[in-house]
Amino acid sequence: MRFALTVVAAAVLSLTGASAHAQPPAPGTVVESTPLSATELIPNAGTGFRVVHRTTGQSGQPEVSGGMVYVPAGTPPAGGWPVVSWGHGTSGMVQGCAPSLTDNIIGGTVDQALDLSRFLGAGYAVAASDYIGLGAPGYHDYLGGRAAGHAVIDIVRAARTLVPELSAAYVTSGLSQGGHAALFAGAMATEYAPELDLRGVLAFAPASNVERLIGLMGPTTPVIPLVNGIMTNGVLAIAGLAHARPDVPIADFLTARGREAVRVAETSTDCWDSVQRMVRGRPPGELLAKPLADPVFEAALRDYIVIPATGYRVPIRIAQGVLDDIMPLPAALILQQQLAHGGTQADLRVYPTATHNSIVSVAGPDALDFLRQTFG
């Protein structure tokens, strides 16, 4: 059953793509959906669906994305169930690594699915995107902000088709890679999905300022403990950038080992474990043939990955753990300053005991307060 839905989606794609001149179906259009059984539902969900839907890729091209939709048990409130559109943390790059197919719906640890259950228990439906290429056919442009942001928005459109009892009001949210996606979605929502009613952005330890760290690397970069903790993410991001920007000779910046790491990231069915084994404890310089502080490379990376500082029309909450060794506190502080410089005020809440994987749980009560305030 793991790949059954994606096989169906591929067949539908081949049929709908038969005419090169046909107008592609609108983003959010449902390609395929399957009701979840009682054993597949997370706590506090009354019903749910696994879904494949249309979306828009990093460069504006038509794509598909997978995901899950969970609806609270009981009677919907007047106006319908408000929606939390959830973006998961890093899970890999290969089709089959989607949380909806691996029973790891939140990213991080399986137990964190209970954090999404907290949203359901408070009366919010959850639409949890897999992004492009993980739960349906396509290539996953890891940390490609526009692609992920589109998917986070479009699963709300798909969810409302499947469940008419859902409200048009929604909040984008997510952890790490998903926090990055939630912020991108927040900046694009007014123009991309004017028929929906975005109320806020709730980002947990969002991936930010990654381009600054990557840009400092070169052939002589040694082992740096903090850097080594996110080297796997860096390889995945470079692989995604190379796919999204074929006009930039990304391979020229990589050694043979670097090119092999990218190949493994794109093909390994263990999602990201093989890449992690390749880079753990190794100097980042082993992967690089020349410095990444190159104007062409830097411009392409910034366009691909940098969180917009403008375009937001809703409240933003960022939750960050002091003990986070994946996305450390300084990255969140700089992000807040960058948003402020663009005229966007973000409420940064810092949690002294929280790590990268525990931040959703630790900040959970405050997150519910934010949702109550934004949904009104």
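Position 1 is the first residue of the sequence; numbering continues from there.
- A donor-acceptor contact shorter than 3.5 Å links the side chain of T374 to the backbone of L371.
- T90 and Y142 share a side-chain donor-acceptor pair at under 3.5 Å.
- At a cut-off of 3.5 Å, with distance as the only test, a side-chain donor of S274 or S268 sits close to an acceptor on the other residue.
- Inspection of the D347 and Q336 side chains reveals no N or O donor paired with an N or O acceptor under 3.5 Å.
- Annotation: side chain to side chain donor-acceptor pair (under 3.5 Å) contacts involving residues 188-202, sequence neighbours excluded, comprise T56-Y192, D154-Y192, R157-E195, D197-R199.
- Contact annotation: the side chain of L202 never approaches that of T172 to less than 4.5 Å [non-hydrogen atoms, C-beta and beyond].
- Contacts of A207 classified as side-chain contact (heavy atoms from CB on, under 4.5 Å), with partners at least two apart in sequence or in another chain: L143, H180, V210, M327.
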- Item | ring-ring contact (aromatic ring centres under 6.0 Å, His included) between F49 and Y70, intermediate numbers included | CA-CA 7 Å; F49 297 87; Y70 298 102; over 10 Å; no
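- Residues V83 and S167 fail the side-chain proximity criterion, which asks for heavy atoms closer than 4.5 Å.
- Side-chain contact between L196 and R160 is present, with at least one heavy-atom pair separated by less than 4.5 Å.
- A salt bridge is defined here as a Lys NZ or Arg NE, NH1 or NH2 lying under 4.0 Å from an Asp or Glu carboxylate O, and D369 with R317 fails to meet this definition.
- I316 is listed as a side-chain neighbour of T344, based on a closest heavy-atom distance under 4.5 Å.
- Within the structure, no pair that satisfies the ring pair (Phe, Tyr, Trp, His ring centres under 6.0 Å) test touches residues 303-324, not counting sequence neighbours.
- Here H150 and F184 keep their ring centres 6.0 angstrom or further from each other.
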- Message: Using salt bridge (Lys or Arg N to Asp or Glu O under 4.0 Å), reason through E266 and R263 one step at a time and then give a plain yes or no.
- Response: CA-CA 5 Å; E266 294 176 321; R263 187 197 67 79; over 6 Å; no
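- With respect to D130 and R50, no salt bridge is recorded, no charged nitrogen being found less than 4.0 Å from a carboxylate O.
- At least one side-chain heavy atom of P219 sits less than 4.5 Å from a side-chain heavy atom of P291.
- A donor and an acceptor atom, one from each side chain of T355 and S358, are located under 3.5 Å apart.
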